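All remarks here apply to the structure that follows.
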Amino acid sequence: MTKPKQVTIVEVAEAAGVSIATVSNVLNRGGIRSSKETIRKVELAAEQLGYRRNTMAAGLSRNKTYEIGLIIPAMAGYYGQLAEHLQIEAHHAGYHLSVFSSGGFDPDIERRHLEVLLQRRVDGLICHGLAMGFETTRSIVNSGTPLVLINGWGWPEDIATGAVNLGFAGACLQSVKVLADHGCEAICYLGSKRSKVIDEQRLIGFNAGMAQFGGGVSQEIVDTMGLDIEAYLRDLMQQHAKPVGIVAFDDHVALRVLSAANKLHIDIPGRLKLIGINNDYIAKESYPGISSWDIPYIDQAQMAINKLMHKIANKTESGEDREIEVPLTFIERGTTKLQ
DNA sequence: CTACTCAGGCTGCTTGAGTC
DNA sequence: GACTCAAGCAGCCTGAGTAG
């Protein structure tokens, strides 16, 4: 069965008794004046024939597709929310966002999706640092397609121009300060080596925080992979008579700590103070609520789209190519403060 | 006859220049 | 002012021409 032929601008022009240029002017160029009668005829013909603009042809003519490609590691959780906000911001800028997942860090899928987006001649790309390899990303930069990286920490300078990164390091630094201010005699970081780059960022912040605010406070860095959290907490409580603080990799780790602490009847926040990251719904719904760092999705999406729009327009500003850090907001709940 | 190159046509639309 | 003409966009396809 052959696909029915789509109505084109030519048929609309014939039906309205005008040229195709006039149809284009009426339907797509608000600035060009046409008579009321012509506008009426064109709009009526387009409606009756069911005309739908062919954006591929329009892109061909304008040498612009008004399409942005997004590659993220997965569709769930933070990535899904980020994609949603990027889509809204792209829409505000007059662009359409095509979202692809690299299928859980699969380099083959990453390359295939990227190829599809480049074949479609997207006007620009937004890629999450965890979804991309250095070489693939370098090939995009060399091809001249405007690119903005999200969370591209520690990338080579020639490709990570103008990455928009979440301030996980800053959040961890401040977490240490909060716990030190609350009188903790020991502060521990419970990390996740499985998420290497993100874990590194948190550690940078944690270590800086300890150097800055941890005078006289003992510190410990632990990987939660395969860790018996209940046994770990029991030991920790035996070692320290005064309050102990924990900076958790994220709210999921924080929840595991909270559950184990509740099971052991540890006084929270009297003996144990806990801070997570992400401000997940579990942080709000657990008891007590977990103090956490809220991710400013809207800010990050706005910054990424603005940066990409500047790159597409080929505008350069002073300092434009430096990395931007988007700060997180601390939400204090019952795991650090009596409520 | 086969294999290859190259020019021109085609697609749907936009847009600067020109006409009435 | 209102409208039309025609070039041009990128890439695929087709047919003519040429070499071996």
Side-chain angles (χ1 to χ4, degrees), chain A residues 1-71 86-100 102 107-127 131-132 135-149 159 161 304-316:
Chain A
M1 207 173 119
T2 54
K3 195 178 163 187
K5 192 182 180 301
Q6 298 283 317
V7 175
T8 69
I9 199 170
V10 176
E11 286 148 90
V12 176
E14 279 171 6
V18 295
S19 69
I20 59 163
T22 302
V23 175
S24 181
N25 288 339
V26 169
L27 298 179
N28 305 310
R29 286 171 88 187
I32 302 289
R33 284 169 62 172
S34 301
S35 70
K36 283 183 182 169
E37 179 58 15
T38 301
I39 293 171
R40 192 192 64 79
K41 282 194 294 185
V42 169
E43 287 180 343
L44 187 66
E47 193 185 333
Q48 284 179 341
L49 292 169
Y51 169 72
R52 188 170 284 138
R53 185 163 168 257
N54 183 331
T55 55
M56 280 168 67
L60 187 63
S61 171
R62 287 178 159 169
N63 204 12
K64 206 164 162 46
T65 58
Y66 288 94
E67 184 176 355
I68 294 170
L70 171 66
I71 300 184
L86 281 168
Q87 180 185 285
I88 294 167
E89 294 305 323
H91 177 74
H92 288 156
Y95 283 76
H96 168 79
L97 188 76
S98 292
V99 186
F100 286 87
S102 67
D108 284 340
I109 295 179
E110 170 212 315
R111 269 193 294 274
R112 207 165 64 216
H113 286 336
L114 188 61
E115 193 52 37
V116 169
L117 287 169
L118 292 175
Q119 280 176 6
R120 284 193 194 176
R121 301 292 190 271
V122 291
D123 290 337
L125 279 167
I126 298 177
C127 300
M132 304 296 292
E135 286 317 309
T136 324
T137 313
R138 185 172 276 117
S139 72
I140 305 171
V141 175
N142 291 340
S143 78
T145 306
L147 166 76
V148 168
L149 267 183
I159 43 179
T161 53
I305 293 291
N306 283 343
K307 194 158 257 306
L308 189 62
M309 290 301 118
H310 274 97
K311 287 194 172 191
I312 289 172
N314 212 10
K315 288 181 196 162
T316 46

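Note that the coordinates shown come from a computational prediction; the quantities given were computed from them, not determined experimentally. Proteins get letters first, then strands, A, B, ... in listed order; numbering begins at 1 in each. All values below were derived from every heavy atom in this structure, side-chain atoms included, with hydrogens, water molecules and symmetry-related copies excluded.
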A/E11 side chain vs A/T8 backbone, donor-acceptor pair below 3.5 Å: yes

Overall bend - the helix from B/dC1-C/dG20 to B/dC20-C/dG1, comparing terminal axes fitted on five pairs, nearest 10 degrees: 50°

Stepwise side chain to side chain contact (heavy atoms under 4.5 Å, CB included) test for A/L114 and A/L125: CA-CA 9 Å; A/L114 188 61; A/L125 279 167; 3.7 Å; yes

Over 12 foreign heavy atoms within 6.0 Å of CD, A/E37: yes

Heavy-atom side-chain contact between A/L27 and A/Y51 under 4.5 Å: yes

A/I126 CD1 to A/L86 CG distance, which is reported to the nearest 0.5 Å: 5.0 Å

Spacing of A/K64 atom NZ relative to C/dA10 atom P, expressed in whole Å: 14 Å

Residue pair A/E89, A/L97: steps toward the side chain to side chain contact (heavy atoms under 4.5 Å, CB included) verdict: CA-CA 9 Å; A/E89 294 305 323; A/L97 188 76; over 6 Å; no

Student check: side-chain heavy atoms of A/P146 and A/D123 closer than 4.5 Å: no

Euclidean distance, atom CG of residue A/D123 to atom C1' of C/dA10 [Å, nearest integer]: 14 Å

Identify the pairs formed between an N or O of the protein and an N or O of nucleotides 14-20 of chain B at a distance under 3.5 Å, and give each distance.
unit_1: B/dT14; atom_1: OP1; unit_2: A/N28; atom_2: ND2; d: 3.0
unit_1: B/dT14; atom_1: OP1; unit_2: A/R53; atom_2: NE; d: 2.7
unit_1: B/dT14; atom_1: OP1; unit_2: A/R53; atom_2: NH2; d: 3.0
unit_1: B/dT14; atom_1: OP2; unit_2: A/S24; atom_2: OG; d: 2.7
unit_1: B/dT14; atom_1: OP2; unit_2: A/N28; atom_2: ND2; d: 2.8
unit_1: B/dT14; atom_1: O4'; unit_2: A/S61; atom_2: OG; d: 2.6

Nucleotide B/dG12, atom C1' - distance to CG of A/L49 in whole Å: 16 Å

Chi angles and distances behind the side chain to side chain contact (heavy atoms under 4.5 Å, CB included) call for A/M309, A/I68: CA-CA 10 Å; A/M309 290 301 118; A/I68 294 170; 3.6 Å; yes

